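To start, the structure itself, in structure tokens.
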Amino acid sequence: MPKTLHVSPTSGDYSTISDALCSIPYNNTSPVTILIAPGIYREKLTIDKPFVTLLGLGKKSSDTVITYDDYALALMENGEKRGTFRSYSVFIDTHDVTLKHLTIENASGDSKNHGQAIALYADGDRFIMEDCRLLGHQDTLFTGPLPPKELQPGGFIGPKQFSPRINGRHYYKDCYICGDIDFIFGSATAYFENCTIESLYRPLDNTSGDAIQGYTTAASTPEGQEYGYVFSHCRFTTDCCPKASVYLGRPWRDYAKTVLLHCELGSHIHPAGFHDWNKKQAHDTIFYAEYQSLPLEEVTCPSCEKGQSPYQNRASFCIQLDALQAEHFSKEKVLSGSDGWMPDL
């Protein structure tokens, strides 16, 4: 039977989310919903029991906040740097998990002084996130699994370093995700619907001559995997990044796939759209594509003078889809898999 647990610092069944999760057996087979009262929960969470839903009870997703502040450049007690994949605030390591009406934050701070700092590390199948906020700077959201091999020794140190690489399907709906460098990255099949993707401004080293503020995605889609990232009716925004200073994505691995459908793009997006990460060999293997992208300024300011199409000067390896090709990236086709899964929201 479905079970409900209540978390509140003052009046719940449990005062912490960690305690509520610990009460669920590892062999759980029934839905468990953890109702979380509004508040700030400074907890580093691991969700490794299936069929679990975390539901914030506030009026807004910002009312219920899970926050922690580990980061890659931090030195641990043994003198080692923590590294990217131990920096998460929330780690999902199982299938059939749902998060709703919550904020998950990595509060460590700017990427220049802290490096990579994951807010959510999601590695599992049939994962759903609805009406949530993910806050961070570099590497805010990691959609596992890890790529097959690390590029540098010790680069994958963390909880899944030696685990089998199993593709999962993720669905993100009505979410807000912010960051600066590669802040949505990984190997999962992930569908983002009606989400706001905000690029944060980061002070640049003026001596480097680099005017690029960041990269929104860094997919590592495995060779042979049908789908990588699909963004449908999403808004790519910024508060103060300069014009043409952010790329939509770059390939963490050579078979990266990222597709945009009916998305609205702010003027901070570089005219080339995507960057090849100086991997010329990847031009023949990556799949970066768009269908009917629209300048965000024309949406938010209908009376403004119309700008040029956002995809007139795209990189040579970026494809403009026609209507028939775009159908291949429908939510049903991307997420159904062999079991016919479709998120029921």
Side-chain angles (χ1 to χ4, degrees), residues 18 40-46 65-93 103-123 133-147 149-163 177-187 197-220 238-241 245-247 249-253 256 275 277-279:
S18 298
I40 298 176
Y41 298 83
R42 190 177 188 279
E43 302 186 53
K44 187 178 179 77
L45 297 180
T46 294
V65 180
I66 303 168
T67 183
Y68 213 75
D69 54 6
D70 280 343
Y71 57 96
L73 298 182
L75 292 179
M76 301 191 302
E77 291 183 0
N78 62 3
E80 290 182 356
K81 289 182 180 178
R82 182 172 303 278
T84 301
F85 300 100
R86 294 185 288 197
S87 70
Y88 59 84
S89 299
V90 175
F91 171 39
I92 296 171
D93 186 22
T103 292
I104 299 175
E105 174 187 44
N106 188 307
S108 60
D110 65 273
S111 54
K112 179 179 180 180
N113 295 300
H114 301 86
Q116 299 89 340
I118 296 173
L120 176 64
Y121 182 150
D123 193 356
R133 300 190 310 155
L134 296 179
L135 310 182
H137 289 268
Q138 184 171 355
D139 291 6
T140 305
L141 169 62
F142 176 54
T143 65
L146 292 161
K149 296 181 180 179
E150 56 195 5
L151 298 179
Q152 299 176 342
F156 288 169
I157 291 177
K160 301 300 290 284
Q161 182 178 8
F162 302 110
S163 299
I177 307 170
C178 71
D180 49 32
I181 302 173
D182 305 332
F183 60 96
I184 301 173
F185 75 115
S187 305
I197 314 298
E198 181 172 0
S199 293
L200 302 181
Y201 176 81
R202 64 186 180 99
L204 299 176
D205 181 357
N206 293 329
T207 62
S208 69
D210 182 10
I212 298 303
Q213 283 288 320
Y215 306 84
T216 302
T217 67
S220 54
T238 189
D239 185 29
C240 50
C241 287
S245 66
V246 174
Y247 285 94
R250 57 180 181 173
W252 188 25
R253 292 295 188 270
H275 193 278
W277 212 332
N278 301 320
K279 300 176 181 180

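Numbers for residues simply follow the sequence, beginning at 1. Note that the structure is predicted; figures quoted are calculated from it, not measured.
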Task: Gap between atom CH2 of Trp277 and atom CG of Asp182 - 0.5 Å precision - done: 4.5 Å
- [ ] Please check if the side chain of Thr238 supplies one atom and the backbone of Ser199 the other of a donor-acceptor pair under 3.5 Å.
- [x] yes
Task: Sub-4.5 Å side-chain heavy-atom contact between Tyr68 and Val90 - done: no
Task: Heavy-atom donor-acceptor pair, Thr216 side chain to Gly249 backbone, under 3.5 Å - done: no
- [ ] Kindly assign one of parallel, tilted or perpendicular to the pair Tyr215 and Tyr247, based on the angle between their ring planes and the thresholds 30° and 60°.
- [x] parallel
TODO: Identify the heavy atoms of Gly179 and Thr140 that sit nearest to each other, and give their distance.
DONE: CA-OG1, 3.8 Å
- [ ] Please round to the nearest 0.5 Å and tell me the distance separating atom CD1 of Ile197 and atom CD1 of Ile177.
- [x] 4.0 Å
Task: For Asp70, all residues meeting salt bridge (Lys or Arg N to Asp or Glu O under 4.0 Å), sequence neighbours excluded - done: Lys44, Arg82
Open item on the list: Once rounded to the nearest 0.5 Å, what's the spacing between atom CD1 of Ile66 and atom CG of Leu45?
Closed with: 5.0 Å
Task: Intermediate values then yes/no, side-chain contact (heavy atoms from CB on, under 4.5 Å), Leu204 and Gln213 - done: CA-CA 8 Å; Leu204 299 176; Gln213 283 288 320; 3.6 Å; yes
- [ ] Please state whether the rings of Phe142 and Tyr121 are parallel, tilted or perpendicular, taking 30° and 60° as the class boundaries.
- [x] perpendicular
- [ ] Write down the atom of Asp69, the atom of Ser108, and the distance for their closest heavy-atom approach.
- [x] O-CB, 3.5 Å
Task: Short side-chain to backbone donor-acceptor contact, Asp123 and Lys160, under 3.5 Å - done: no
Open item on the list: Checking side-chain polar atoms at under 3.5 Å, does Ser220 have a donor or acceptor matched by the opposite partner on Arg253?
Closed with: no
TODO: Could you check if a side-chain atom of Phe85 sits within less than 4.5 angstrom of a side-chain atom of Leu146, using non-hydrogen atoms only?
DONE: yes
Task: Minimum side-chain heavy-atom gap Arg250-Ile181 below 4.5 Å - done: yes
Open item on the list: A side-chain contact here means heavy atoms from C-beta on lying under 4.5 Å apart; do Leu120 and Ile92 qualify?
Closed with: yes
Open item on the list: Does this structure show an ion pair linking Asp110 with Arg202, if we count only N-O contacts that are shorter than 4.0 Å?
Closed with: no
TODO: Kindly compute the distance separating CG (Leu200) from SG (Cys240), expressed to the nearest 0.5 Å.
DONE: 8.0 Å
Task: Backbone N/O of Phe156 and side chain of Glu150: donor-acceptor pair under 3.5 Å - done: yes
Task: Beyond-backbone contact of Tyr201 with Asp239, side-chain heavy atoms, under 4.5 angstrom - done: no
TODO: Using a 4.5 Å cut-off on heavy atoms from C-beta on, say whether the side chain of Lys81 contacts that of Leu75.
DONE: yes
Open item on the list: Please give me the minimum heavy-atom distance between Gln116 and Ser87, naming the atom from each residue.
Closed with: O-OG, 4.0 Å
Open item on the list: How about NZ on Lys112, more than 12 heavy atoms from neighbouring residues, nucleotides or ligands closer than 6.0 Å, or not?
Closed with: no
Task: Short side-chain to backbone donor-acceptor contact, Ser187 and Gly144, under 3.5 Å - done: no
Open item on the list: In the structure I gave you, are the side-chain heavy atoms of His137 and Asn106 within less than 4.5 Å of one another anywhere?
Closed with: no
Task: Side-chain heavy atoms of Ile118 within contact of Phe91, under 4.5 Å - done: no
Open item on the list: I need the Leu141 CG to Cys178 SG distance, nearest 0.5 Å.
Closed with: 11.5 Å
- [ ] Ignoring hydrogens and angles, tell me if any N or O in the side chain of His114 forms a donor-acceptor pair with the backbone of Tyr71 under 3.5 Å.
- [x] no
